[in-house]
Amino acid sequence: MNNRRVLVTGGAGYIGSHTVVELIGAGYEVVIVDNFSNSDASSLEGIAKITGVTPTFIEADCCDKAALREVFERYDFSSVIHFAAYKAVGESVAMPTKYYHNNLLSFINVVELMKEYHRPNIVFSSSATVYGDAEELPVTERTPRKPATSPYGNTKQMAEDMLRDIVTVDDELYGIALRYFNPIGAHPSALIGELPRGIPNNLVPYITQTAAGVRECLSIFGDDYPTPDGSCLRDYIDIVDLARAHVVAIERMVAGKCEEHYEIFNIGTGSPVSVFELVKGFEAANNLTLNYKVAARRPGDVTAVWADTTRANEVLGWRAERKLDDTLRAAWAWECHVRNR
């Protein structure tokens, strides 16, 4: 079995493409499966330009088990990183069936084929949304999960539970769930980055599109939260740091260092940043002035959440390294690249 080859589902997406770059940089071969439902073929070109390597790519939907089976038949790999999922919270509330079908069926297909073809390692793309509105901060991996506030969040909780149950009774399988906090930024080359379709759901793309004149005004949802400046507090993690965490997780599995068949790690910086601080930081880092206004609170937004990263630092051997100013400059450089290409 080829321990230096990794299957990356959803590998043309935002987090997936950056992870592919880091995997290639670490000496792995990569097979990408993506259906471009929330990604763009330009990310594959960016990966090739950054790394000098054109990764193997198969356009397929992970909900199509027959198509996915062909990938398992054709390519020898020991590890899978599973990103393929819909991720818009608001859309999941409006279209729950779409989210349950895609996010759960794609995951089940991947795991069933891993069992059938004896591929032992999977890293699952999870989310800090599983913690909900936590009573104690920062959250650790032992912090009790709250009931999900959206179908999207529920699919993450359900997939985590499925992974735990499946690997617990299968001596061949190992699973690591990485709970991301708020990924932001872009590759320093500005050749890949976040490319939302339509109106952005995340803060930083909305900031950069406002700065570029694509959006007229940025809305900050609430300035009356019980925080130092009244805006929500979040843990913003640089996308390259986040991508590196997947490489470290794969290396932990390949080296046989997992202490249990199922492991969980928080992937964040451990430092809360408010929405106002992020906006002001973007303006300062890029010498720009943003047009923004305060709007009413948005339903479902928690007041504050950030990570305790002790376990990721000490057990996984990973820590966030990039500075927020550099991340915000990279985000703007990517936006400029998108507008000029």
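All values below were derived from every heavy atom in this structure, side-chain atoms included, with hydrogens, water molecules and symmetry-related copies excluded.
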Neighbour count >12 (heavy atoms, 6.0 Å) for atom [atom1], [X]:
X      : atom1 : result
Asp224 : CG    : yes
Glu116 : CD    : yes
Leu288 : CG    : yes

Do [X] and [Y] pair up side chain to side chain, a donor and an acceptor below 3.5 Å, judged on atom types alone?
X      : Y      : answer
Tyr99  : Glu91  : yes
Asn266 : Thr309 : no
Ser126 : Glu160 : yes
Glu73  : Tyr117 : yes
Glu194 : Asn202 : yes
His261 : Thr168 : no
Asp223 : Ser231 : no
Tyr28  : Arg4   : yes

Any link between [X] and [Y] through a network of hydrophobic side chains (Ile, Leu, Val, Met, Phe, Trp, Tyr) touching at under 4.5 Å?
X      : Y      : result
Met1   : Leu173 : no
Leu163 : Leu68  : yes
Tyr236 : Phe276 : yes

Do [X] and [Y] sit within salt-bridge range, that is, some charged N less than 4.0 Å from a carboxylate O?
X      : Y      : answer
Glu112 : Lys65  : yes
Glu251 : Lys257 : no
Asp326 : Arg329 : yes
Lys115 : Glu172 : no
Asp241 : Arg319 : no

Which value, rounded to the nearest 0.5 Å, describes the distance between [X] atom [atom1] and [Y] atom [atom2]?
X      : Y      : atom1 : atom2 : value
Asn109 : Met114 : CG    : CE    : 13.0 Å
Leu290 : Ile220 : CG    : CD1   : 8.5 Å
Ser127 : Leu178 : OG    : CG    : 11.5 Å
Asn102 : Thr97  : CG    : OG1   : 12.5 Å
His18  : Asp238 : NE2   : CG    : 8.0 Å
Thr210 : Glu335 : OG1   : CD    : 9.0 Å

Within the distance-only criterion (no hydrogens, no angle test), does the side chain of [X] pair as donor or acceptor with the backbone N or O of [Y] below 3.5 angstrom?
X      : Y      : result
Asn286 : Phe282 : yes
Asp235 : Ala307 : yes
Lys146 : Asp133 : yes
Glu263 : Glu259 : yes
Arg197 : Ser39  : yes
Arg252 : Val247 : no
Arg5   : Asp76  : yes
Tyr131 : Thr140 : yes
Ser219 : Phe221 : no
Ser43  : Ala12  : yes

Is the shortest heavy-atom distance from the side chain of [X] to the side chain of [Y] under 4.5 Å?
X      : Y      : result
Leu203 : Leu218 : yes
Leu7   : His82  : no
Ile50  : Ile192 : yes
Cys62  : Val33  : yes
Val80  : Val123 : no
Glu29  : Val53  : no
Ile122 : Val110 : yes
Ser17  : His187 : no

Practice prompt. For Val302 and Val305, run side-chain contact (heavy atoms from CB on, under 4.5 Å): C-alpha distance rounded to whole Å, both residues' side-chain angles, the deciding distance at 0.1 Å, then the answer.
Written response: CA-CA 7 Å; Val302 302; Val305 64; 4.2 Å; yes
Using the ring centroid of each side chain, check whether [X] and [Y] are separated by less than 6.0 Å.
X      : Y      : value
Phe124 : Phe107 : yes
Phe83  : His246 : yes
Phe57  : Phe36  : yes

Taking all atoms of both residues into account, what is the closest heavy-atom pair of [X] and [Y], and its distance?
X      : Y      : value
Ile176 : Ala249 : CD1-O, 3.9 Å
Ser79  : Val254 : OG-CG2, 3.9 Å
Ile32  : Pro55  : CD1-CG, 3.8 Å
Thr129 : Gly153 : CG2-CA, 3.8 Å
Tyr152 : Ser92  : N-OG, 3.1 Å
Tyr206 : Cys217 : CE2-O, 3.4 Å

Do the numbers put [X] on top of the ring of [Y], so that NZ or CZ is under 6.0 Å from the six-membered ring centre and no more than 45° off the axis?
X      : Y      : answer
Arg119 : Phe77  : yes
Arg297 : Tyr225 : yes
Lys98  : Tyr86  : yes

Worksheet, complete the sentence: Between Leu242 and the options Trp318, Tyr180, Phe181, Tyr14, the side-chain contact (heavy atoms from CB on, under 4.5 Å) test singles out Tyr180
Practice prompt. Test side-chain contact (heavy atoms from CB on, under 4.5 Å) on Ile250 and Ile81 and set out the steps.
Written response: CA-CA 8 Å; Ile250 290 293; Ile81 303 177; 3.9 Å; yes
Discussion item. Let's go through Arg215 and Ile199 carefully: what are the C-alpha distance in whole Å and the side-chain angles of both, what is the deciding distance for side-chain contact (heavy atoms from CB on, under 4.5 Å) to 0.1 Å, and is it a yes or a no?
Written reply: CA-CA 9 Å; Arg215 308 291 164 193; Ile199 299 174; 3.7 Å; yes
Discussion item. Test side-chain contact (heavy atoms from CB on, under 4.5 Å) on Thr19 and Glu22; report intermediate values, then the result.
Written reply: CA-CA 5 Å; Thr19 299; Glu22 296 304 310; 5.7 Å; no
